[in-house]
Amino acid sequence: MADTITTRAKDFPEWYQDVIRAADLAEPAIVVKGAMVIKPNGYAIWEKIQRELDNRFKATGHKNAYFPMFIPESFLKKEAEHVEGFSPELAVVTIGGGKELEERYVVRPTSETIIGHFFNKWIKTHRDLPMLINQWANVVRWELRTRMFLRTSEFLWQEGHTAHATHDEALAEVLRMLDVYADFAENVMAMPVIRGEKTMNEKFAGALKSYCIEGLMQNGWALQAGTSHDLGQNFGKAFDVKFQNLAGQSEYVWQTSWGVSTRLIGGLIMTHSDDAGLVCPPKLAPYHVVIIPIFKTPEEKAATSAVGAKLAEDLKAKGLSVVFDDRDDRPGSKYFEWERKGACCRVEIGPKDLEKKSYAFKRRDVEKKEFAPLDGAVAHITGQMEQMQKDLFNKAKAFRDASTKQVDSWDAFKAMHEGPGGFASCHWCGDGKCEAQVKEETKVTIRCIPLGNPKESGACIKCGRPSAQRVLFARAY
RNA sequence: CGGGGUGUAGCGCAGCCUGGUUCAGCGCGCCACGCUUGGGACGUGGAGGUCGGCGGUUCGAAUCCGCCCACCCCGACCA
């Protein structure tokens with residue numbers, strides 16, 4: 001068959017590529033190395049992600065703004081750790097209008113520095129705080145190795161940037177936005193995530209601390225789905241962002257930044273999809289309902305189409321995305337096509353249904369096809385969409401939970417990651433060298449120290465030294 | 001950037017070792033018409049390719065040689 005999809009069991013990365021192609025979500029740009037084209041079906045998902053998140057950002061008091069894509073190279077150099085972290089992956093503009101530039105521009109890999117520059121201008125007193133800004137933008141990081149949605153040289157994201165009068169307040173913001181991400185991931189993407197703190201090795205270059213949400217993909221690898229950073233006063237000092245406090249003294253602001261990207265779409269695919277193609281939770285699906293009339297004669301076509309088109313209108317009125325597919329093709333062929341593309345459910349209306357006043361209903365994530373009365377179809381279908389949203393989350397969570405294991409011996413640790421993968425909850429002494437050694441030997445990294453982690457004494461999985469808590473290890477994208 | 005793999009029609013591939021009348025082919029998809037339509041129908045006709053690119057060897061290159069490019073996998077780096 002054309003559009004064949006490799007099975008997950010045979011070759012997971014190949015399957016991932018196949019699903020993207022079969023669902024027509026995106027393709028590698030090729031003419032621009034490491035870049036991708038997000039096609040309409042894929043971009044529709046991104047637009048829904050944007051809408052959902054943007055509503056949540058607005059609800060938490062943030063306002064959107066836009067800063068230049070070109071950043072003076074000197075800005076990057078103002079924060080030592082930041083420049084060190086990003087310099088290998090920068091794209092730099094040296095010529096403009098045919099002339100060598102006086103100062104080179106970097107194409108933004110992230111906007112902490114240029115926003116720091118403007119915060120310096122905008123913030124004068126404690127009355128200007130908190131400053132709560134979000135930007136929807138593209139960023140460029142010159143990656144050596146790319147995978148569609150998960151890592152491309154250019155990608156789309158949002159980056160929140162805030163400034164506060166106290167560290168406590170900034171930290172509260174960091175955790176509040178982490179919660180927004182977690183809520184979005186679980187309730188909209190139906191992707192269960194662990195909230196946690198990054199180790200010093202894994203944190204954002206320039207941050208005091210980084211927090212993250214981590215999901216687990218079907219191949220047992222973790223995916224960092226969102227990050228929220230406590231920047232402390234690092235950028236405040238680098239860009240001299242000061243405010244006058246109540247006592248009349250000048251203080252550096254405390255800043256945060258947080259972001260999610262089009263990588264989420266990769267996470268969505270690897271969380272829910274199956275060997276037949278894309279599976280998408282209703283809250284993000286480009287297509288909710290596909291209605292297919294079944295007929296033999298022109299009279300039957302007219303009759304089933306009339307009922308189908310009417311149902312389509314009724315469902316659209318409920319805010320669902322509906323396709324009425326009366327193309328001249330075999331029904332079975334249509335079924336497979338819409339399954340590949342991740343339509344949440346399918347409705348068939350045939351001559352027998354007209355007699356029985358029924359319709360056939362098939363949910364993308366459920367094996368069995370059922371027949372239901374046409375009366376109340378709208379309520380039934382909208383109800384099923386809500387149920388599907390919950391079922392996908394529960395299924396993913398069951399997988400995640402079953403793939404999360406407490407591991408207390410190095411042999412078991414190695415065996416787990418040579419085998420099925422998953423989250424290994426292990427004791428860790430807290431030494432970054434130990435962490436690096438584990439990574440070198442097994443490619444497994446510490447994904448996070450879960451928030452609210454219970455204290456428990458034990459021995460480090462690698463070196464055996466005393467440990468106060470377990471952390472989550474996994475192979476990661 | 002190192003190691004491995006792959007580039008031939010939209011997708012999946014054969015042909016390459018042993019250069020030339022099986023060398024521009026196959027399956028699926030696509031277009032037209034007919035017939036069909038409750039899980040990938042069928043028939044007839046048709047469109048579609050600088051064989052990844054450049055250079056070389058040769059009377060002759062998809063095929064041999066060199067260089068380059070892109071994509072995929074594994075590493076280093078990372079949302």
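All values derive from a computational prediction rather than experimental measurement. Lettering follows sequence order; numbering is per chain, from 1.
Partners of A/Asn138 under the side-chain contact (heavy atoms from CB on, under 4.5 Å) rule, at least two apart in sequence or in another chain, are A/Tyr66, A/Met69, A/Arg108, A/Glu154, A/Leu156. Evaluation of the side-chain contact (heavy atoms from CB on, under 4.5 Å) rule for A/Pro192 yields A/Glu186, A/Phe393, A/Ala396, A/Lys397, A/Arg400 as partners, not counting sequence neighbours. Here A/Leu208 pairs with A/His167, A/Asp230, A/Asn234 under the side-chain contact (heavy atoms from CB on, under 4.5 Å) rule; sequence neighbours left out.
A/Gly350 comes within 4.0 angstrom of a base, heavy atoms only. Among the protein residues, A/Thr152 comes within range of the nucleic acid bases, having at least one heavy atom under 4.0 Å from a base atom. A/Leu223 comes within 4.0 angstrom of no nucleic acid atom, judged by non-hydrogen atoms across all strands. Within the 4.0 angstrom heavy-atom criterion, base atoms lie near A/Lys352. Within 4.0 Å (heavy atoms only), A/Arg327 reaches no atom of the nucleic acid at all. Residue contacts shown for A/Thr227 are absent, as no nucleic acid heavy atom lies under 4.0 Å away. Among the protein residues, A/Arg108 comes within range of no part of the nucleic acid, since none of its heavy atoms lies under 4.0 Å from any strand.
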_If you apply the rule side chain to side chain donor-acceptor pair (under 3.5 Å), what do you find for A/Ser257 with A/Glu112, and how did you get there?_
CA-CA 8 Å; A/Ser257 68; A/Glu112 274 74 9; 2.7 Å; yes
_Worked check of side chain to side chain donor-acceptor pair (under 3.5 Å) between A/Glu84 and A/His82_ = CA-CA 5 Å; A/Glu84 191 187 334; A/His82 191 65; over 6 Å; no
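A gap of 30 Å separates the P atoms of B/A61 and B/C71, to the nearest Å. Comparing B/G29 with B/A76, their P atoms sit 43 Å apart, to the nearest whole Å. The P atoms of B/C64 and B/U8 are separated by 16 Å, rounded to the nearest whole Å. Taking the C1' atom of each, B/G56 and B/C73 are spaced 32 Å apart, rounded to whole Å. Only the C1' atoms considered, B/C68 is 33 Å distant from B/G27, to the nearest whole Å. Nucleotides B/C65 and B/U58 place their P atoms 16 Å apart, quoted to the nearest Å. B/U57 and B/G43 have their P atoms separated by 50 Å, given to the nearest Å. The gap from the C1' atom of B/C31 to that of B/G10 amounts to 13 Å, rounded to the nearest Å.
Under a 4.0 Å N-O distance rule, the pair A/Glu52/A/Lys283 does not qualify as a salt bridge. A salt bridge links A/Glu337 with A/Lys341: the distance from a Lys NZ or Arg NE/NH1/NH2 to an Asp or Glu carboxylate oxygen falls below 4.0 Å. A/Asp329 has no carboxylate O lying under 4.0 Å from a charged side-chain N of A/Arg327, or vice versa, which leaves the two without a salt bridge. Looking at A/Arg21 and A/Asp18, a side-chain N of the basic residue comes within less than 4.0 Å of a carboxylate O on the acidic one, giving a salt bridge. Salt-bridge annotation for A/Arg176 and A/Glu173: present, with a side-chain N of the basic residue lying under 4.0 Å from a carboxylate O of the acidic one. Taking a cutoff of 4.0 Å between a charged side-chain nitrogen and a carboxylate oxygen, A/Asp391 and A/Lys395 do not qualify as a salt bridge. Using a 4.0 Å cut-off between charged side-chain N and carboxylate O, A/Lys357 and A/Asp353 make no salt bridge. A salt bridge links A/Asp365 with A/Arg363: at least one charged nitrogen is closer than 4.0 Å to a carboxylate oxygen.
For residues 439-450 of chain A, every residue pair satisfying the salt bridge (Lys or Arg N to Asp or Glu O under 4.0 Å) rule, not counting sequence neighbours, is listed here: A/Glu202-A/Arg447, A/Glu214-A/Arg447, A/Glu441-A/Lys462. Residues in residues 359-380 of chain A take part in these ring-ring contact (aromatic ring centres under 6.0 Å, His included) pairs, two or more places apart or across chains: A/Phe361-A/His380. Annotation: salt bridge (Lys or Arg N to Asp or Glu O under 4.0 Å) contacts involving residues 264-281 of chain A, sequence neighbours excluded, comprise A/Arg8-A/Asp275, A/Asp274-A/Arg364.
A heavy-atom distance below 4.0 Å to RNA chain B is reached by these residues of residues 433-444 of chain A, ordered by number: A/Lys439, A/Lys443. Within a heavy-atom distance below 4.0 Å of RNA chain B, the residues of residues 356-377 of chain A found are A/Ala360, A/Lys362, A/Phe371. Contact check of residues 186-213 of chain A against RNA chain B (heavy atom, cut-off under 4.0 Å) returns no residues at all.
Computed from coordinates, the A/Glu337 CD to B/C11 P distance equals 17 Å when rounded to whole Å. Remark: C1' of B/C11 and CD1 of A/Ile20 are 16 Å apart, rounded to the nearest angstrom. For A/Gln224 and B/C77, the CD to P distance is 15 Å, given to the nearest whole Å. Between A/Lys301 atom NZ and B/G38 atom P the separation is 14 Å, expressed in whole Å. Across the protein-nucleic acid pair, A/Lys39 atom NZ and B/C11 atom C1' stand 12 Å apart, rounded to whole Å. Distance CE (A/Met217) to C1' (B/A79): 13 Å, rounded to an integer number of Å. In this entry the distance linking CD of A/Glu143 with P of B/C73 reads 14 Å, nearest Å. Between the CZ atom of A/Arg340 and the C1' atom of B/G10 there is a distance of 13 Å, given to the nearest Å.
Remark: ring of A/Phe336 does not overlap the six-membered base ring of B/G39 in a stacked fashion, as centroids less than 5.5 Å apart with planes less than 30° apart are not both met.
Residue A/Asp353 places its side chain closer to B/G38 than to any other of B/A79, B/C77, B/G38.
A tilted orientation is assigned to the rings of A/Phe67 and A/Phe118, their planes being inclined by 30° to 60°. Using a 30° and 60° split on the angle between ring planes, A/Phe204 and A/His229 fall in the parallel class, below 30°. Using bins of under 30°, 30° to 60° and over 60° for the plane-to-plane angle, the ring pair A/Phe155/A/Trp157 lands in the perpendicular bin. Between A/Trp221 and A/Tyr477, the two ring planes are tilted [angle within 30° to 60°].
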Output one line per pair: protein atom, nucleotide atom from nucleotides 68-72 of chain B, and distance, for all N/O pairs under 3.5 Å.
{"residue": "B/C71", "atom": "OP1", "partner": "A/Gly34", "partner atom": "N", "Å": "3.1"}

Pairwise N/O distances under 3.5 Å, protein to nucleotides 34-36 of chain B:
{"residue": "B/U36", "atom": "O2'", "partner": "A/Arg330", "partner atom": "NH1", "Å": "2.6"}
{"residue": "B/U36", "atom": "O4", "partner": "A/Asp328", "partner atom": "OD1", "Å": "3.3"}

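In RNA chain B, runs of at least 3 stacked Watson-Crick or G-U pairs (N1-N3 plus N6-O4 or O6-N4, or N1-O2 plus O6-N3, all under 3.5 Å) give these stems: B:1-7 with B:69-75, B:10-13 with B:25-28, B:30-34 with B:42-46, B:52-56 with B:64-68.
In terms of polar N and O atoms assigned as donor or acceptor, the side chain of A/Glu339 comes within less than 3.5 Å of the base of B/G39 in a complementary pairing.
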